[in-house]
Amino acid sequence: FEVAKRHDLPLDNIVISKDGKMTARTGIFEGQDYHTARSNVVELLKAKWNLIKVEDHTSKVGYCERSGCKIETIVSTQWFVSVESMAKKVIKWYKNKDFEIIPKRFNKTFEDWIFNLRDWCISRQLLWGHQIPVWYGPDEKVFCAENIADAQKQANEFYGKQVELTQDADVLDTWFSSGLWPFSILDFDMWDGDQSEMFKKFYPASVLETGHDIIFFWVIRMMLFGYEFTDQTPFETIYLHWMVKDKHGAKMSKSKWNGIDPLDMIEKYGTDALRLTLSIWNTPGNDLKFDESNVENNMLFVNKLWNASRFVSVNLSQEVSSMSLDDIQWELKDNYWDLLFHEKWILSRIKHLNDISTQSMDNYNFSEIWEELQTFTKNEFCDYYIEEFKLTKHKSKYGEKVITFVLNNLLRLWHPYMPFVTEEIYSKLGFSGDLIIASWPNISIPRNEQIEKDKKLIIDIIKEIRSLRADNNIMPNKTIGLQVYAKNKNAEVIDEVLELIAGIVKAEKFELVDKKPKDDNLAYGIIKAGVEVFIDTANALDIGKEIERLNEQISDTKQYIAILDKKLLNEAFVSKAPEKLVRAEMEKKEQAKQKLQKLEEKISKFQK
């Protein structure tokens with residue numbers, strides 16, 4: 001078509017008919033299929049001595065996805081929409097920022113299309129779709145109407161008599177039909193200026209959410225129609241999401257057999273696990289590499305939230321669970337300074353989580369917050385706060401209300417990502433109403449950043465003690481002795497929650513000291529400058545495993561000393577290496593020997 005236009009060739013010079021056979025235009029080849037005709041053309045050229053040579057050529061002819069047949073391009077009559085005047089309206093309001101595209105980098109894609117828009121071919125030779133509302137009279141006269149009755153009326157008036165009409169066999173382009181979506185769902189009347197109440201209320205829509213790959217095919221089409229028929233944008237914001245690809249980044253297709261059936265994923269892992277996987281990687285405009293292992297991991301996370309909520313449910317009274325969230329919040333605010341340290345901390349953290357979640361939602365960045373939500377749920381709420389709640393629930397005046405308030409708000413924050421499990425938990429906890437219509441959290445309890453900073457120190461202490469227990473093979477059911485060395489402000493913070501720390505790490509005896517213990521048998525760890533922990537493992541070790549561990553360390557240390565000996569006994573190394581390097585190797589050997597001596601002394605105590 002483009003070649004013909006450049007060379008002023010007649011566009012009606014059709015040589016291949018719709019059945020793939022040669023037309024009368026081809027002379028002696030008429031009626032032959034294209035494959036036979038090509039071979040015969042070559043033979044004819046040979047017979048006339050006009051064939052110079054034959055050589056292989058790699059062409060880019062397409063093949064039909066369904067039949068596997070070669071696609072032949074033919075010129076045909078189609079219906080077009082003239083878009084020039086329509087596009088100018090869209091461009092005008094685009095420049096006036098009448099609508100916003102998110103992410104902004106797709107503005108360039110939008111501009112590339114809208115500034116170079118060609119007339120739109122809207123007819124398709126398909127067996128399904130909206131049939132084109134055009135009817136033909138006996139002499140191919142065209143009548144365009146909303147329905148056959150109106151078309152027949154036009155024809156009768158034109159011919160002055162009753163005539164038989166034939167509707168165009170083509171259907172409308174899919175994107176033409178779907179481009180009418182903003183109108184069809186709102187009862188828009190193309191012919192009557194007095195629109196429905198629904199249209200007046202909901203047009204234009206706030207947000208259109210769709211894939212970035214159809215910004216031209218669908219988004220621009222709706223814009224053309226919107227400004228043409230209403231002088232308004234159909235959407236104030238256009239949010240473009242990613243495409244789901246396989247884990248290697250390839251586009252999913254039936255021919256590659258790399259697609260994922262969502263029903264299979266739901267059957268194996270649950271709807272929420274699949275939805276969460278797709279939501280948390282929803283970085284605007286970036287494609288998602290789908291990996292089934294991520295769905296499995298999210299299923300485990302959903303189970304963790306479920307189990308944590310079950311624990312809370314057995315510790316909630318009907319009185320508290322039926323209280324309104326506002327009433328609980330006011331009571332906690334009025335009695336804030338009577339709350340325990342960890343209760344103030346978790347309220348500060350849920351306030352922070354609420355603020356950044358709201359900001360992310362407002363900015364359409366739905367993936368930005370998931371890591372914060374997951375970290376809070378798994379690490380802060382489940383691993384620390386619930387454990388602290390268990391240890392203090394009998395002496396805390398407001399503990400039940402704090403955990404109710406936190407979990408209720410947490411379920412609301414998670415609900416857009418995991419609607420089914422959160423709704424079920426919300427119901428089982430006895431909270432009033434349905435979560436799907438509950439308001440978005442609005443936490444007015446102020447954030448306490450000093451409490452959060454102090455809590456970080458406490459968490460670091462707990463982590464270090466747990467690490468020391470693991471390193472020393474202390475059995476989970478055994479208790480330890482604990483001494484925490486700290487001074488000044490750190491000592492004040494630790495002293496307030498030392499009993500709680502001891503309960504979490506299973507320390508039977510515990511104390512805060514201002515001088516470091518000198519007992520070499522104590523395992524110790526340094527948290528930060530001025531804060532150290534010392535644990536007495538005498539009654540808590542698995543002796544067999546400890547001897548095994550010490551033997552491994554002795555063996556490794558002896559091998560290390562042997563390597564150093566070999567290097568230091570090498571005359572070439574000692575004579576040629578810098579003195580500083582040789583001295584450093586000798587110091588390493590001496591330190592290793594001292595470590596070996598301590599290990600042997602320690603294991604000898606267990607073997608007596």
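Owing to the predicted nature of the structure, the values given are computational and were not obtained by experimental measurement. When reading the values below, keep in mind they use all heavy atoms of this one structure, side chains included, and skip hydrogens, waters and symmetry mates.
- The environment of CD in Gln450 is crowded: more than 12 heavy-atom neighbours from other residues, nucleotides or ligands sit within 6.0 Å.
- Side-chain contact between Lys453 and Leu457: absent, with no pair of heavy atoms (C-beta onward) separated by less than 4.5 Å.
- Residue Trp330 places its CH2 atom among 12 or fewer non-hydrogen atoms of other residues, nucleotides or ligands, all under 6.0 Å distant.
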Would you please test Glu585 and Lys588 for salt bridge (charged side-chain N to carboxylate O under 4.0 Å, His left out) and show each step?
CA-CA 5 Å; Glu585 295 299 305; Lys588 288 180 183 178; 3.3 Å; yes

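- With contacts defined as side-chain heavy-atom distances shorter than 4.5 Å, the pair Glu423/His415 qualifies.
- How far CG of Leu316 is from OG of Ser321: 6.0 Å, rounded to the nearest 0.5 Å.
- Applying the 6.0 Å contact sphere to CE of Met243 captures more than 12 heavy atoms from other residues, nucleotides or ligands.
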Does the side-chain contact (heavy atoms from CB on, under 4.5 Å) test come out yes or no for Val484 and Ile501, once each step is laid out?
CA-CA 10 Å; Val484 181; Ile501 294 173; 5.8 Å; no

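- The environment of Phe573 atom CZ is dense: over 12 non-hydrogen atoms of other residues, nucleotides or ligands sit within 6.0 angstrom.
- Under the 4.5 Å side-chain criterion, counting only non-hydrogen atoms from C-beta, Lys397 is not in contact with Asp338.
- Atom CG of Leu300 is surrounded by more than 12 heavy atoms from other residues, nucleotides or ligands within 6.0 Å.
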Test Asp291 against Ser293 for side-chain hydrogen bond (donor to acceptor under 3.5 Å, both in side chains), laying out the working first.
CA-CA 5 Å; Asp291 192 333; Ser293 63; 3.1 Å; yes

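- The nearest pair of heavy atoms linking Lys401 to Glu331 is NZ-OE2, 2.8 Å.
- Looking at Ile535 and Val505, their side chains never come closer than 4.5 Å, going by heavy atoms from C-beta outward.
- Taking both residues in full, the closest heavy atoms of Asp383 and Arg466 are given as O-NH2, 4.2 Å, listed atom of the first, atom of the second, then distance.
- In this structure, the side chains of Val312 and Phe389 stay at 4.5 Å or more apart for every pair of heavy atoms.
- Between Thr210 atom OG1 and Ile238 atom CD1 the span is 9.5 Å, to the nearest 0.5 Å.
- Residues Trp242 and Leu278 have side chains in contact (heavy-atom distance under 4.5 Å, counting atoms from C-beta outward).
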Would you please test Lys333 and Ser444 for side-chain hydrogen bond (donor to acceptor under 3.5 Å, both in side chains) and show each step?
CA-CA 9 Å; Lys333 284 176 70 174; Ser444 58; 3.2 Å; yes

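- Note that CD1 of Ile526 and OH of Tyr485 are 11.0 Å apart. Values are rounded to the nearest 0.5 Å.
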Evaluation steps, salt bridge (charged side-chain N to carboxylate O under 4.0 Å, His left out), between Lys390 and Glu387:
CA-CA 5 Å; Lys390 289 177 185 176; Glu387 294 303 310; 3.2 Å; yes

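- Side chain of Arg275 to main chain of Pro416: a donor-acceptor pair is present (N/O by atom type, distance under 3.5 Å, no hydrogens or angles).
- Of the possible donor and acceptor atoms, one in the side chain of Glu400 sits under 3.5 Å from a partner among the backbone N and O of Ser317.
- Scanning both residues, Ala438 and Arg412, for their nearest heavy atoms gives CB-NH1, 3.7 Å.
- Counting non-hydrogen atoms of other residues, nucleotides and ligands closer than 6.0 Å to NZ of Lys393 gives a total above 12.
- When side chains are defined from C-beta on, Asn408 does not count as touching Ile328, because their heavy atoms never get closer than 4.5 Å.
- Looking at Glu372, its side chain never comes within 3.5 Å of a backbone N or O of Ile369 through a donor-acceptor pair.
- Annotation: cation-pi geometry not satisfied between Lys595 and Tyr560 (NZ/CZ under 6.0 angstrom from ring centroid, within 45° of ring axis).
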Give the C-alpha distance, both sets of side-chain angles, the deciding distance and a yes or no for side-chain contact (heavy atoms from CB on, under 4.5 Å) between Asn448 and Tyr336.
CA-CA 11 Å; Asn448 189 329; Tyr336 182 79; 3.3 Å; yes

Quick one: do Phe301 and Trp370 satisfy ring pair (Phe, Tyr, Trp, His ring centres under 6.0 Å)? Show the steps, please.
CA-CA 12 Å; Phe301 173 73; Trp370 79 269; 8.9 Å; no

Yes or no on salt bridge (charged side-chain N to carboxylate O under 4.0 Å, His left out) for Glu292 and Lys268, after CA distance, side-chain angles and deciding distance?
CA-CA 10 Å; Glu292 187 174 337; Lys268 288 175 71 175; 2.5 Å; yes

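- Listed here is the closest heavy atom pair of Pro441 and Asn354: O-ND2, 3.3 Å.
- Tested against Gln483, the residues Lys516, Lys515, Glu511, Glu532 include a single side chain to side chain contact (heavy atoms under 4.5 Å, CB included) partner, Glu511.
- Contact check for Val207 versus Tyr364: side-chain heavy atoms found under the 4.5 Å cut-off.
- A distance of 10.5 Å separates CG of Leu407 from OH of Tyr385, quoted to the nearest 0.5 Å.
- To the nearest 0.5 Å, the span separating CG on Asn442 from CG on Asn409 amounts to 9.5 Å.
- With sequence neighbours left out, Phe290 forms a ring-ring contact (aromatic ring centres under 6.0 Å, His included) with no residue at all.
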Would Thr404 and Tyr398 count as a side-chain contact (heavy atoms from CB on, under 4.5 Å) here? Give the steps.
CA-CA 10 Å; Thr404 299; Tyr398 299 101; over 6 Å; no

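- Although no hydrogens or angles enter the test, the distance criterion places a donor-acceptor pair under 3.5 Å between the side chain of Thr375 and the main chain of Glu371.
- Residues Ser348 and Arg447 approach most closely at OG-CG, 3.2 Å, considering heavy atoms.
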Steps toward side-chain contact (heavy atoms from CB on, under 4.5 Å) verdict (Phe376, Val406):
CA-CA 11 Å; Phe376 174 89; Val406 172; 4.0 Å; yes

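- At most 12 non-hydrogen atoms from other residues, nucleotides or ligands lie less than 6.0 angstrom from NZ of Lys251.
- The heavy-atom pair separating Leu512 from Ala491 by the smallest distance is CD2-O, 3.5 Å.
- Without hydrogens or angle criteria, Asp454 side chain to Val493 main chain gives no donor-acceptor distance under 3.5 Å.
- Taking a cutoff of 4.0 Å between a charged side-chain nitrogen and a carboxylate oxygen, Glu452 and Arg349 qualify as a salt bridge.
- For NZ of Lys289, the number of neighbouring non-hydrogen atoms (other residues, nucleotides, ligands) closer than 6.0 Å is 12 at most.
- Between Ile350 atom CD1 and Ile445 atom CD1 the span is 10.5 Å, to the nearest 0.5 Å.
- In terms of modelled atom types and a separation under 3.5 Å, the side chain of Asn488 and the main chain of Asn490 share no donor-acceptor contact.
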Audit row: Thr277, Asn298, side-chain hydrogen bond (donor to acceptor under 3.5 Å, both in side chains) steps and yes/no
CA-CA 7 Å; Thr277 303; Asn298 285 323; 2.8 Å; yes

